[in-house]
Amino acid sequence: MQKKYDHAAIEKKWQEKWDRTGLYVADIENGKNHFYNLWMFPYPSAEGLHAGHAFASTGSDIVGRFMRMNGKDVFQPIGYDSFGIHSENYAIKINENPQDVVKRTTKHYENQLRCLGHGYDWTRTVTTSDPDYYRWTQWLFIKMFEAGLAYKKKATVNFCPSCKTVLADEQVVSPKTAGKDPKNAEGETVSYSEELKVCERCGTIVEKKDLDQWFFKITDYADRLLGGLNKIDWSRRVVSAQKNWIGKSEGMIINFKKENGGNLPVFTTRPDTLNAVTFIAVADEKMYNEGNTEKIGEPNGECAIDPLTGKKLPIWKTNYIAAGYGTGSVMGVPAHDERDMEFAKKYHLDIVEKDPDDSLWERIEKEGWGKKHINYHLRDWLVSRQRYWGAPIPMIDCPKCGWVTVPEEDLPLLLPPISDYKPEGSGRGPLANHKEFYQVACPSCGGQAKRETDVMDTFVDSSWYFLRYPSVKAGTSSKLPFDPVISKKWLPVDLYFGGAEHSVLHLMYSRFVTMVLNDLKHIDFDEPFPKFFAHGLMIKDGSKMSKSRGNVVNPDDYIDKFGADTLRLYLAFMGPMDASPDFRDSGMEGANRFIKRVWKLFNEKPNEKVIPEVTSKLHQTIKKVGSDIGEYKYNTAISSLMELVNMINEYKTYSTEYLEALALLLAPFAPHLSEEAWVEILGKPFSIHKGKRHQEGSVCPRQVS
RNA sequence: GCCGAGGUGGCGGAAUGGCAGACGCGUAGGUCUCAAAAACCUAUGGGGCCUUAAACCUCAUGUGGGUUCGACUCCCACCCUCGGCACCA
């Protein structure tokens with residue numbers, strides 16, 4: 001009687017042994033053939049990991065296992081993006097302190113991740129809300145400030161009335177992108193319109209406010225961020241999204257002289273159409289109304305002079321010019337611009353039909369009317385938040401010395417435990433109610449000064465975490481954010497695996513921070529992720545799996561019922577990793593059937609029957625599995641394994657050669673089953689995940705010859 | 001409007017110039033069983049031909065053209081879906 005495959009016992013057994021023997025602990029100091037395999041760390045939510053996380057993390061784990069078996073020293077770390085509004089909101093909801101909630105949720109995540117059977121190095125984890133981590137986030141802020149790349153400025157910014165904090169431009173999106181029904185400040189759902197600008201997190205329509213805020217000067221790096229895209233191997237849609245966001249336009253700034261003196265500069269990408277200009281349009285913020293596409297305007301009473309003809313050009317105040325872009329004014333050329341045409345028709349302005357003249361580019365510069373200019377859509381990164389659960393900004397405002405950094409030896413600047421941590425929406429963070437926090441002596445002159453009471457956005461925390469993993473060591477506190485020797489060896493990340501939803505958020509901020517740290521000589525590379533793979537988003541019942549839609553699938557139930565190997569196999573078999581798979585229960589049975597069939601195969605009475613057809617199929621399969629993993633097409637790798645298994649069964653050729661190879665090929669996808677077969681049935685030395693040719697004490701004959 | 005990805009059975013998907021639909025799900029029939037489940041076997045794109053069977057014919061990869069001995073695949077035009085940007089001058 002053949003024994004049944006007891007997935008629960010077998011998976012538990014190997015997970016414990018892997019952990020006990022440190023199978024996945026990377027040799028950071030001595031490893032030579034390094035492969036830094038990184039998956040975007042999750043933020044620990046109350047609900048725990050859902051099937052989308054399992055899909056993505058399994059996709060990353062398969063590559064890691066494959067590389068390890070091929071002799072790479074794989075470093076595959078994991079951590080938690082535990083600081084920030086998402087964790088804080090949940091704490092508020094259940095009326096607990098975020099510190100306690102995070103302790104619980106990270107533990108839950110760890111358990112879930114372990115149950116999936118991923119090969120993480122649990123000796124080097126990162127938790128962004130841990131003082132030993134965020135002291136270095138504060139260090140980063142100080143470095144930014146010292147380099148002149150952090151500044152506080154009063155500006156018109158986006159404010160979310162529900163989150164009661166300002167947002168970065170990148171966190172303001174269309175309702176479609178947010179994946180939520182748009183809501184007004186009172187939390188009522190409003191009718192959908194693509195024009196609406198909402199908070200990426202909660203879907204609430206953002207407000208404009210004039211507030212004093214901290215920015216990072218990412219615009220200084222606009223051109224490098226754009227240029228760097230050409231030298232990295234990233235999914236095209238992400239490259240495209242970053243290009244669009246940076247939004248480079250090449251043109252000219254032309255200085256029109258006003259009739260009564262003074263200049264009026266305009267930015268244009270079409271100086272060759274200067275010969276058809278008939279008016280000047282300037283932005284008027286009072287007329288500007290979000291989402292209103294009806295063009296309105298009125299003459300401001302002045303005129304500018306056309307440098308070509310000397311004619312007077314009326315200046316109009318309008319709502320169709322964006323104040324924050326270019327110079328906030330444009331030259332109106334109805335003949336070559338639809339919007340100018342629409343405006344000119346409505347207000348009966350002149351329309352001059354003239355062909356564009358390329359020689360104008362040169363002439364305008366020669367005559368001194370204007371000069372070439374490159375404009376970017378990208379704005380500086382707003383990093384301060386009027387919330388509690390984040391890294392305090394390490395800055396002190398002294399009436400005498402101005403803004404002074406907290407001395408590095410005083411880091412971490414601890415986030416004090418307070419009970420009134422809920423946001424008020426007053427434009428100030430909860431720490432602003434705590435004198436004992438903000439009343440400090442100026443580190444420079446010793447006089448009475450005031451500490452900044454805003455905290456940093458969670459995207460600052462995650463902008464550098466990948467630098468920390470290799471240098472961190474459990475149970476030790478650090479003297480540096482990252483060790484220069486270790487970083488030189490292990491960074492940049494060899495393969496970054498994650499979702500495309502962070503295209504212009506985390507993925508751009510990380511590139512920016514890396515470039516800055518490179519300029520400051522802390523690291524010797526300027527692209528953190530030379531290879532990034534964007535997996536698809538998991539779909540359930542036709543829409544993106546998300547908590548707000550209530551269509552999340554908890555992987556735990558499936559692990560209980562079928563085991564992690566079945567779940568992994570099912571997730572990997574659904575389609576190519578960059579597609580968006582639709583989660584269905586029905587397919588799970590098929591994956592489980594395959595696991596059981598393979599188990600049965602390993603338990604057949606061995607024979608040494610070798611059939612050329614099967615051998616040939618085996619070799620094709622070996623080739624295909626390897627190349628498919630390299631392209632993240634696990635579905636076809638698995639289907640070829642299924643074909644192989646079908647053929648072995650058909651011919652009843654249970655030879656050791658076939659079974660060993662099958663176990664090895666299956667190991668990245670179903671690590672527990674293959675380990676059990678390898679060690680317990682085939683009698684091979686632990687562990688299959690070291691790969692056949694790289695096991696201690698076992699030398700492959702092929703390698704000897 | 002601009003940039004990017006895509007469109008193939010009932011479903012997920014395979015095939016990137018050479019037998020379209022691999023592999024899997026589902027469905028139908030069968031074996032086993034007192035029965036069911038599980039497992040296994042067989043069939044499974046549409047239409048046609050045929051007493052039966054083997055076989056055969058024909059249509060079919062979003063639409064319309066083209067290149068080629070041969071096109072899901074390459075070229076041109078268009079339609080639709082998804083992602084990003086957008087009164088950005």
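Lettering follows sequence order; numbering is per chain, from 1. Being a predicted model, the structure only gives us computed values, none of them experimental.
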For the [atom1] atoms, the ones on [N] and on [M], what distance do you get once it is rounded to whole angstrom?
N     : M     : atom1 : value
B:U61 : B:G21 : C1'   : 9 Å
B:G64 : B:C79 : P     : 15 Å
B:G70 : B:C19 : P     : 15 Å
B:C23 : B:U8  : C1'   : 16 Å

Would one find a side-chain N or O of [X] under 4.0 angstrom from OP1 or OP2 of [N]?
X        : N     : result
A:Tyr325 : B:A89 : yes
A:Arg236 : B:G6  : no
A:Ser249 : B:A89 : yes
A:Arg593 : B:A39 : yes
A:Asn244 : B:G4  : no
A:Lys176 : B:G83 : yes
A:Thr177 : B:G84 : yes

Would you classify [X] as touching base, sugar-phosphate or nothing, given that sugar-phosphate means primed atoms plus P, OP1 and OP2, and contacts are heavy atoms under 4.0 Å?
X        : answer
A:Pro576 : sugar-phosphate
A:Gly590 : sugar-phosphate
A:Ser329 : nothing

Nearest-Å distance for atom pair [atom1]/[atom2], residues [X] and [N]:
X        : N     : atom1 : atom2 : result
A:Gln242 : B:C3  : CD    : C1'   : 14 Å
A:Met588 : B:G24 : CE    : C1'   : 14 Å
A:Arg237 : B:C85 : CZ    : P     : 13 Å

### Query
side-chain hydrogen bond (donor to acceptor under 3.5 Å, both in side chains) with A:Arg270: which of A:Thr273, A:Asp272, A:Thr268?
A:Asp272

### Query
Any donor and acceptor pair, going by atom type alone, linking the side chain of A:Thr278 with main-chain N or O of A:Asp350 inside 3.5 Å?
yes

### Task
Look at the side chain of A:Glu342 and the backbone N and O of A:Lys295, then say whether any donor-acceptor pair between them is shorter than 3.5 Å.
no

#### Entry: Close approaches to RNA chain B from residues 370-381 of chain A, in residue order (heavy atom, under 4.0 Å)
A:His377

### Message
Give the residues of residues 637-650 of chain A touching RNA chain B, defined as any heavy atom closer than 4.0 Å, sorted by residue number.
### Response
A:Ser639, A:Met642, A:Glu643, A:Asn646

### Query
Is the shortest side-chain N to carboxylate O distance from A:Asp233 to A:Lys531 below 4.0 Å?
yes

#### Entry: Short N-O contact, A:Asp582 and A:Arg584, less than 4.0 angstrom
yes

### Working for side chain to side chain donor-acceptor pair (under 3.5 Å), residues A:Glu298 and A:Trp316
CA-CA 5 Å; A:Glu298 56 184 69; A:Trp316 283 65; over 6 Å; no

Please list, one pair per line, the donor and acceptor atoms closer than 3.5 Å that link side chains of residues 618-625 of chain A to other protein atoms, with sequence neighbours excluded.
residue, atom, partner, partner atom, Å
A:Gln620, NE2, A:Ser616, OG, 3.4
A:Thr621, OG1, A:Lys617, O, 2.7
A:Lys624, NZ, A:Asp628, OD2, 3.1

### Residues in salt bridge (charged side-chain N to carboxylate O under 4.0 Å, His left out) contact with A:Lys153, at least two apart in sequence or another chain
none

### Query
Taking syn as any angle within 90 degrees of 0 and anti as the rest, which one fits B:G9?
syn

Roughly how far, to the nearest 0.5 Å, is [atom2] of [Y] from [atom1] of [X]?
X        : Y        : atom1 : atom2 : result
A:Met577 : A:Ile629 : CE    : CD1   : 12.0 Å
A:Glu643 : A:Thr636 : CD    : OG1   : 10.0 Å
A:Lys312 : A:Ile280 : NZ    : CD1   : 14.5 Å

## Note on the structure
With sequence neighbours left out, the residues meeting side chain to side chain donor-acceptor pair (under 3.5 Å) with A:Asn649 are none

### Message
Taking the minimum atom-to-atom distance to the side chain of A:Tyr320, which one of B:C87, B:A15, B:G13 wins?
### Response
B:C87

### Query
Is the ring centre of A:Phe343 less than 6.0 Å from the ring centre of A:Phe279?
yes

### Query
So what is the 5' to 3' dot-bracket string for RNA chain B, if pairs are Watson-Crick or G-U wobble with both distances under 3.5 Å, crossing pairs use [ ] and | means the partner sits on another strand?
(((((((..(((.....[....)))((((((.......))))))((((.......))))..(((((..]....))))))))))))....

